[in-house]
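Inspection log for the structure reproduced underneath, given as structure tokens.
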Amino acid sequence: MLCCGARTLVLTPLGFSLLRQLSDGAFHSGEDLAAKVGLTRARVSQLLRQAETAGLSLERVRGRGYRLVAAPDFLDGAAVRAALVEYGVTLAANGLSPLKTPNADDDIGLPGGEALAEIQAKPPIHLEIVDQIDSTSSELLRRAPRRDIHGAALAAEWQTAGRGRRGRTWNAVAGGSLTFSLGWRFEQGAGFLAGLSLAVGVGVIHALEKEGIHGVGLKWPNDLIHRHLKVGGILVELNGDALGPSTVVVGVGLNVRMPREMKRDIAQPVSDLTSVVGRGAPAIDRNRLLARLIAELAGTLATYARDGFAPFAAEWQHRHAYQGKPVKLLLPDGAAVLGKVAGVDASGALVLADGPRRARFLAGEISLRRA
Ligand code: BTN
């Protein structure tokens, strides 16, 4: 979600160990919690107040202690790995992703030729889940000069400096969102990769549908929306030479369960995937959803590396909630353009029609206009 008002959002590692104690949904006395994490009761109470600012709902009852009203299913590395294997993904060994080798062919024992090309096209996925980080995308970008981040998937329960498109802040609910990034290496440069973020949107929708979440659409360039309310966003960042190779970090943020008060606090209309599936549907399993997203996006990136945006273009338009609709496009310089959405071109640029005229745009925000 895009944020928001003046609240300070803080969750410390100690806060997380407390929340894990509480994740069974039962009451725990302040005394018990304090003893389990080795803190004073006053500190426990302070940390739990911080958890509330992070979107978690706590109940306090004199004589019984604290209880998480909606106990989050915290991300669990073992569960995500098991689901990744179930979804046909090859996993890399645990630990940090490998250091970069200046020339992989110099490494004795490493595969070469076709085997190497195969690994590069579909690298083993190196999964890492952390409680807290500034931003999963910033972290992969920081690692990229030293480490091989091709296939590195980093998910965080809580980002202290999550970033959205166009310099915006991206905040999430601890235990109620998915925030992760996937690193990838492409032989091609920025021109070839222009439509990549749109292709990722298609990949995310496929992943949601495979997990039984139907009804999410796209809003150019890559918002994920339901009934015109934003449920997630995609941020694709790349480094490299204009003609390639390029290192890409794909960041995805999804609202899975967001408290109503938090939705109200946000500057733009938002929703969550729990509302998409509707009341009465089984709770969304964030571990399986994360695995599905990583599996699907690995496939999307491999297809894009081979064939570019072309295989995604028709489906992207089909999934575009604004296709054929009259819109206002707000350009980055503040100017506004009116037109009907004709679609996207081969590079992912938005094509607006004004009568017989067509104009293409690379950046901006669209909003629906009354016909
Ligand atoms: C948008 O503005 O719509 C894009 C939001 C992208 C947010 C994700 S959350 C994981 C990754 N880390 C970040 O700091 N941002 C992206």
Side-chain angles (χ1 to χ4, degrees), residues 1-4 9 11 54-55 75 80 127-144 149 152-184 196-205 207-208 216-226 228-239 247-258 262-263 266-273 286 289-291 293-294 296-297 301 320-322 330 332 348 350 363-367:
M1 75 175 175
L2 294 174
C3 204
C4 74
L9 296 158
L11 255 192
L75 290 174
V80 181
L127 175 74
E128 198 184 338
I129 296 177
V130 296
D131 274 347
Q132 192 191 64
I133 204 156
D134 57 347
S135 147
T136 53
S137 288
S138 304
E139 175 61 16
L140 287 188
L141 288 168
R142 273 193 300 268
R143 286 183 193 173
I149 62 160
L154 175 62
E157 201 63 85
W158 181 246
Q159 295 187 127
T160 54
R163 296 182 291 108
R165 284 195 310 114
R166 305 177 68 197
R168 291 184 184 131
T169 302
W170 186 267
N171 281 316
V173 186
S177 306
L178 280 179
T179 50
F180 72 97
S181 301
L182 181 60
W184 212 259
L196 181 65
S197 70
L198 278 74
V200 169
V202 173
V204 169
I205 289 193
L208 294 175
V216 173
L218 294 164
K219 178 184 173 191
W220 186 84
N222 41 29
D223 281 358
L224 296 148
I225 60 165
H226 175 64
H228 300 290
L229 304 173
K230 184 157 173 168
V231 295
I234 293 159
L235 178 70
V236 171
E237 295 168 292
L238 64 109
N239 276 330
T247 301
V248 169
V249 173
V250 174
V252 178
L254 284 168
N255 306 330
V256 180
R257 274 180 292 279
M258 182 182 279
M262 213 154 176
K263 288 181 188 157
I266 299 166
Q268 97 184 94
V270 294
S271 185
D272 56 20
L273 297 178
R286 289 191 313 136
L289 180 56
L290 175 61
L293 286 156
I294 294 171
E296 195 65 34
L297 291 183
L301 299 179
H320 191 207
Y322 291 68
L330 194 62
L350 180 75
E365 295 283 336
I366 56 174
S367 57

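Order of listing sets the numbers, starting from 1, for every ligand and every atom in it.
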Quick one: look at I234 and ligand 1, take heavy-atom pairs under 4.0 Å, and tell me if it's side chain, backbone, both or neither.
-> backbone

Specify side chain, backbone, both or neither for S181, according to which of its non-hydrogen atoms lie closer than 4.0 Å to ligand 1.
-> side chain

Would you kindly say whether R163 and T169 are connected by a side-chain donor-acceptor distance under 3.5 Å?
-> no

Verify the distance criterion only: is there a donor paired with an acceptor across the side chains of T160 and D134 at less than 3.5 Å?
-> no

Is there a donor-acceptor pair closer than 3.5 Å between any side-chain N or O of [X] and the backbone N or O of [Y]?
| X | Y | answer |
| --- | --- | --- |
| D272 | M258 | yes |
| E157 | G175 | yes |
| S135 | S137 | yes |

Per-atom contacts, ligand 1 versus [X] - under 4.0 Å to a heavy atom:
| X | value |
| --- | --- |
| G251 | 8 (C), 11 (C), 16 (C) |
| S135 | 12 (N), 13 (C), 14 (O) |
| T136 | 10 (C), 11 (C), 12 (N) |
| G162 | 14 (O) |

Please say whether Q159 places an N or O atom under 3.5 Å from an N or O atom belonging to ligand 1.
-> yes

Could an N or O of ligand 1 be found under 3.5 Å from any N or O of T179, whether backbone or side chain?
-> no

Does the side chain of D223 reach to within under 4.5 Å of the side chain of L218, using non-hydrogen atoms?
-> no

Does R165 pair with E237 as a salt bridge, N-O distance under 4.0 Å?
-> no

Would you check whether K230 reaches within less than 4.0 Å of ligand 1, judged by its heavy atoms?
-> yes

